[in-house]
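Here the structure is laid out as structure tokens; the discussion comes afterwards.
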There are 2 protein chains.
Amino acid sequence: MSLIFSRQCEYAIQSVLYLALKHHGEMTSIRELAQRLDIPYHFLGKILQSLTRKGLLLSHKGPAGGFALGMPPQDITLFHIVEAIDGTDFTRMCVFGFSECNDTNPCSVHEQWSVLREGVYQMLISKNIAAMAKDTKQPAFRIASGMSNVSL
Amino acid sequence: MSLIFSRQCEYAIQSVLYLALKHHGEMTSIRELAQRLDIPYHFLGKILQSLTRKGLLLSHKGPAGGFALGMPPQDITLFHIVEAIDGTDFTRMCVFGFSECNDTNPCSVHEQWSVLREGVYQMLISKNIAAMAKDTKQPAFRIASGMSNVSL
DNA sequence: AGGTATTCAGACTTATTTATCTGAAATATA
DNA sequence: TATATTTCAGATAAATAAGTCTGAATACCT
């Protein structure tokens, strides 16, 4: 296998985006998120707990409880979510795992990879959840069955 | 965690590069590769077997046996190795795991990611092992303790 | 032929990630 | 207060990736 982000991280991003599509202050249950996004219920619970502990979400127990964004959606970037779940090792490590590889002692693809990695970093840091939510509401961005008609 | 290629794949790339630094036709044992590149012996054995089955390497048993490149180093690209070990799913899948995401039904970062992914693809396909070996022999590219004085 | 060095093959173990289960704590509502 | 609904916490299980072990097969060398 070879992918950029862990499955947990994918689930986290999808969930935060889903919450951003809700009206401000509205609480959403794990059950709803798990059903609409097709994510295992209890696994998602754990992930949302992590995000809550890091302040990205806030939670409320009891009937009518659930989760909501913990900060203004403009302030939540993809990078925040990735950082919270997967960490930021990918911004430092050599693509091919050469432990000695660094700027002064580069592997053969170090420079090329640095450029690409910077591109990924910029993508993560420049995309905030508010902008993504706005995109997602456009007809051209009707991704993810669970997303298509959230609070519209 | 979040990384691009599996550890197997990293080991494979390091090994093929090591072999490319040897004189043409010279056989290298698993033992030597494992020691110099700091890779678990038996695990590396499996990986080299895979590469051999795919034709990227050739092997020879018995004393003075070992592994060598199975094709001219100019013809072996990083993409070949990644393809052989990790597969090529990363060229197709959505970064954030949206199953419905594609060109006509894009997620919010689909276009940006496509550009970055294409960059990765180009890097993999344009870098052949001969060129990397040449780089690695330059003083500016003295990476990987095991690589530094291979057949020089 | 016999001894030795190597890859090959398959079973096995360990570590990590993903997923599930159970019950406790909190809270809204009747 | 009782009940229902939710998150929270920790243990457990299943799946996958990484790593290990043993012995057979092959080939070189004396």
Side-chain angles (χ1 to χ4, degrees), chain A residues 1-15 19 22 25-35 37-70 82 84-87 89-90 97, chain B residues 1-15 19 22 25-35 37-70 82 84-87 89-90 97:
Chain A
M1 202 44 104
S2 71
L3 265 183
I4 305 262
F5 304 114
S6 70
R7 197 170 297 187
Q8 280 196 53
C9 195
E10 291 181 0
Y11 291 162
I13 291 167
Q14 295 179 11
S15 300
L19 293 177
K22 290 300 190 87
E26 188 177 351
M27 285 299 193
T28 307
S29 67
I30 301 176
R31 181 178 30 72
E32 177 180 341
L33 283 159
Q35 284 176 357
L37 299 175
D38 193 28
I39 299 174
Y41 182 89
H42 291 94
F43 193 38
L44 181 57
K46 298 289 180 200
I47 297 167
L48 298 181
Q49 281 170 40
S50 297
L51 294 174
T52 302
R53 278 194 288 270
K54 308 254 179 178
L56 292 175
L57 301 183
L58 54 84
S59 67
H60 205 68
K61 293 180 186 174
F67 294 85
L69 298 183
V82 170
I85 303 293
D86 278 350
D89 281 355
F90 82 96
Chain B
M1 200 46 105
S2 72
L3 266 184
I4 304 262
F5 305 114
S6 69
R7 199 170 297 186
Q8 280 195 52
C9 196
E10 292 180 0
Y11 292 163
I13 291 167
Q14 295 180 11
S15 300
L19 293 176
K22 290 299 191 88
E26 188 177 348
M27 284 299 193
T28 306
S29 68
I30 301 177
R31 182 178 29 74
E32 176 180 342
L33 283 160
Q35 284 176 356
L37 299 175
D38 192 29
I39 300 173
Y41 182 89
H42 292 94
F43 193 37
L44 181 56
K46 298 289 178 201
I47 297 167
L48 298 182
Q49 280 171 40
S50 297
L51 294 174
T52 302
R53 278 194 288 271
K54 309 254 177 177
L56 292 175
L57 301 182
L58 55 83
S59 66
H60 206 69
K61 292 180 186 173
F67 294 85
L69 298 183
V82 171
I85 303 293
D86 278 351
D89 280 355
F90 81 95

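We name chains A, B, ... by the order of the sequence lines, and we start the count at 1 in each one. Nothing here was measured: the structure is a model prediction, and the numbers come from that model.
Among dA5(C), dT7(D), dT20(D), the nucleotide with an atom closest to any side-chain atom of Lys46(B) is dT20(D). You'll find that the side chain of Arg53(B) is closest to dA9(C), out of dA9(C), dC8(C), dC8(D). Of the candidates dC8(D), dC8(C), dT5(D), dT5(D) carries the atom nearest the Pro63(A) side chain, counting heavy atoms from C-beta on. Which of dT20(C), dT20(D), dA28(C) sits closest to the side chain of Pro40(A) comes down to dT20(C). Closest to the His42(A) side chain, of the nucleotides dC8(D), dA27(D), dC21(C), is dC21(C). Side-chain proximity of Ser29(B) to dC8(D), dT27(C), dT6(C): nearest is dT6(C).
Here Ser59(A) reaches the OP1 or OP2 of dC8(D): one of its side-chain N or O atoms lies under 4.0 Å away. Of the side-chain N and O atoms in Gln8(A), one or more sit less than 4.0 angstrom from OP1 or OP2 of dT18(C).
Nearest heavy-atom pair, Ile30(B) versus Gly45(B), reported as atom, atom and distance to 0.1 Å: CD1-CA, 3.7 Å. Counting all heavy atoms, side chain and backbone alike, Ile85(B) lies closest to Ser50(B) at CD1-CB, 4.3 Å. Scanning both residues, Ala84(B) and Leu56(B), for their nearest heavy atoms gives CB-CD1, 3.9 Å. Taking each heavy atom of Thr28(B) and Lys22(B) in turn, the nearest pair found is OG1-NZ, 3.3 Å.
Here the P atom of nucleotide dA24(D) and the NZ atom of Lys61(B) are 13 Å apart, to the nearest Å. Taking atom CZ on Arg31(B) and atom P on dT20(D), their separation rounds to 17 Å, with Å as the unit. If you measure from atom CD of Gln49(A) to atom P of dT18(C), you get 17 Å, rounded to the nearest angstrom. Atom CD of Gln35(B) is separated from atom P of dT6(C) by 11 Å (rounded to the nearest Å). Summarising the geometry, the separation between CG on Leu51(B) and P on dT7(C) is reported as 14 Å, rounded to the nearest angstrom. The CE atom of Met27(B) sits 15 Å away from the C1' atom of dC8(C) (whole-angstrom rounding). Rounded to a whole Å, the CZ atom of Arg7(B) is 10 Å from the P atom of dT17(C). If you measure from atom CD1 of Ile4(B) to atom P of dA17(D), you get 17 Å, rounded to the nearest angstrom.
Residue contacts for Gly66(A): at a heavy-atom cut-off of 4.0 Å it reaches the sugar-phosphate backbone alone, with no base atom in range. Residue Tyr41(A) is classed as a base contact, given a heavy-atom separation below 4.0 Å to a base. Backbone-only contact: Ile30(A) has heavy atoms under 4.0 Å from sugar-phosphate atoms and none from a base.
The closest side-chain heavy-atom distance from Phe67(B) to Ser29(B) is not below 4.5 Å.
Between Tyr11(A) and His60(A), the residue anchored nearer the 5' end of DNA chain C, judged by the nucleotide with its closest heavy atom, is Tyr11(A).
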